[in-house]
**Student:** 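Before anything else, here's the structure in question.
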Amino acid sequence: QVQLVESGGGLVQAGDSLRLSCVASGGAFSNYCMGWFHQAPGREREFVAAINWSGRSTAYADCVKGRFTIFRDNAKNTVYLQMNDLKPEDAAVYYCARRKFAALSRLTNDYDYWGQGTQVTVSS
């Protein structure tokens, strides 16, 4: 059974940076696209970023483009989300997810395994 465990969330001030990590275990990692999503109270889970199996191709939501970077280390079964210049509207629970295939996707339904989430809070 695949397990994804996120870490790195916390309380920061606007303009600060955080790096989220997601470690995968129990299944193949390097063959699959990985994604980050977030969910704020009262809102649906939304796409943030995705990276293909090799790390050579990435995709970002418009609201984070230029501030967030997704990258992966297949030797460590880990995907990261570097978040810079955080804004209050970035506050949410952040989830990592593994897609069923190697290519990128922005669609929540394309991902079959999810972590438990890590909370990011940004004060203004």
Side-chain angles (χ1 to χ4, degrees):
Q1 180 74 7
V2 174
Q3 289 191 323
L4 303 175
V5 179
E6 303 97 335
S7 62
L11 170 62
V12 297
Q13 294 186 332
D16 285 351
S17 298
L18 278 176
R19 178 177 291 183
L20 306 184
S21 301
C22 172
V23 180
S25 62
F29 176 80
S30 59
N31 298 342
Y32 301 103
C33 163
M34 297 295 295
W36 285 97
F37 294 76
H38 67 196
Q39 187 168 18
R43 300 191 63 167
E44 293 186 353
R45 194 167 296 188
E46 299 176 334
F47 171 76
V48 175
I51 188 166
N52 77 331
W53 69 276
S54 69
R56 294 191 183 97
S57 184
T58 57
Y60 296 94
D62 288 344
C63 60
V64 306
K65 202 171 293 184
R67 299 188 297 121
F68 290 12
T69 303
I70 186 171
F71 58 102
R72 65 191 296 163
D73 184 340
N74 285 343
K76 295 183 178 179
N77 284 2
T78 303
V79 61
Y80 304 92
L81 185 68
Q82 177 67 41
M83 306 188 293
N84 297 332
D85 189 23
L86 282 159
K87 304 178 185 300
E89 53 263 40
D90 295 321
V93 177
Y94 281 73
Y95 299 90
C96 78
R98 195 198 80 170
R99 197 189 169 203
K100 304 173 188 178
F101 302 104
L104 294 175
S105 174
R106 298 170 181 259
L107 302 178
T108 306
N109 288 344
D110 280 349
Y111 291 80
D112 54 352
Y113 291 103
W114 294 82
Q116 82 289 348
T118 186
Q119 177 72 49
V120 172
T121 305
V122 184
S123 64
S124 57

**Student:** Tell me whether Glu6 contacts the main-chain N or O of Gln116 through its side chain, where contact means a donor paired with an acceptor under 3.5 Å.
**Tutor:** yes
**Student:** If you look at every heavy atom in Val120 and Gly9, which pair is closest and at what distance?
**Tutor:** CG2-CA, 4.2 Å
**Student:** Which heavy atom of Gly8 sits nearest to which heavy atom of Leu18, and what is that distance?
**Tutor:** O-CD2, 3.6 Å
**Student:** Which residues pass the side chain to side chain contact (heavy atoms under 4.5 Å, CB included) test with Ala92, not counting sequence neighbours?
**Tutor:** His38, Ala40, Tyr94
**Student:** Is the number of heavy atoms from other residues, nucleotides or ligands within 6.0 Å of CZ (Phe71) greater than 12?
**Tutor:** yes
**Student:** So which pairs with a foot in residues 44-55 pass salt bridge (Lys or Arg N to Asp or Glu O under 4.0 Å), sequence neighbours left out?
**Tutor:** Arg43-Glu46
**Student:** If two hydrophobic side chains count as joined below 4.5 Å and joins carry through other members, does Leu81 share a cluster with Tyr113?
**Tutor:** yes
**Student:** Atom OG1 in Thr58, atom CZ in Phe68: separation rounded to 0.5 Å?
**Tutor:** 14.0 Å
**Student:** Going from CD1 on Ile51 to SG on Cys96, what distance comes out if it is rounded to the nearest 0.5 angstrom?
**Tutor:** 12.5 Å
**Student:** For residues Leu104 and Val79: do they belong to one hydrophobic cluster (side chain heavy atoms under 4.5 Å, members Ile, Leu, Val, Met, Phe, Trp, Tyr)?
**Tutor:** no
**Student:** Between Val12 and Met83, is there a side-chain heavy-atom distance shorter than 4.5 Å?
**Tutor:** no
**Student:** Give me the atom names and distance for the closest heavy-atom approach of Asn84 to Ser17.
**Tutor:** OD1-OG, 3.0 Å
**Student:** Any chance you could measure Asp90, atom CG, to Cys63, atom SG, to the nearest 0.5 Å?
**Tutor:** 7.0 Å
**Student:** With rounding to the nearest 0.5 angstrom, report the OG to CD distance, Ser25 to Gln1.
**Tutor:** 9.5 Å
**Student:** According to ring-ring contact (aromatic ring centres under 6.0 Å, His included), does anything in residues 40-64 pair up with another residue at least two apart or in another chain? List the pairs.
**Tutor:** Phe37-Phe47
**Student:** What is the minimum heavy-atom distance between Leu4 and Cys22, and which atoms define it?
**Tutor:** CB-SG, 3.9 Å
**Student:** Taking all atoms of both residues into account, what is the closest heavy-atom pair of Ala14 and Ser124, and its distance?
**Tutor:** CB-CA, 4.3 Å
**Student:** Decide yes or no on side-chain contact (heavy atoms from CB on, under 4.5 Å) for Tyr111 and Cys33, but give the supporting numbers first.
**Tutor:** CA-CA 9 Å; Tyr111 291 80; Cys33 163; 3.4 Å; yes
**Student:** What is the minimum heavy-atom distance between Ala59 and Arg106, and which atoms define it?
**Tutor:** CB-NH2, 3.8 Å
**Student:** Using side-chain contact (heavy atoms from CB on, under 4.5 Å), reason through Phe29 and Lys76 one step at a time and then give a plain yes or no.
**Tutor:** CA-CA 9 Å; Phe29 176 80; Lys76 295 183 178 179; over 6 Å; no
**Student:** Give a yes or no on whether the backbone of Thr69 and the side-chain of Tyr80 come within a donor-acceptor separation of less than 3.5 Å.
**Tutor:** no
**Student:** State whether Lys100 and Asp110 are salt-bridged, where the test is any N-O pair (Lys NZ or Arg NE/NH1/NH2 against Asp/Glu carboxylate O) under 4.0 Å.
**Tutor:** no
**Student:** Between Asn52 (side chain) and Ser57 (backbone), is there a donor-acceptor pair under 3.5 Å?
**Tutor:** yes
**Student:** Drop me the distance from Ser30's OG to Asn77's CG, to the nearest 0.5 angstrom.
**Tutor:** 7.5 Å
**Student:** Determine whether Lys87 and Asp85 satisfy the following criterion, side-chain contact (heavy atoms from CB on, under 4.5 Å), listing intermediate values before the conclusion.
**Tutor:** CA-CA 6 Å; Lys87 304 178 185 300; Asp85 189 23; 3.6 Å; yes
**Student:** Under a single-linkage definition using a 4.5 Å side-chain heavy-atom cutoff for Ile, Leu, Val, Met, Phe, Trp and Tyr, are Tyr95 and Trp36 assigned to the same hydrophobic cluster?
**Tutor:** no
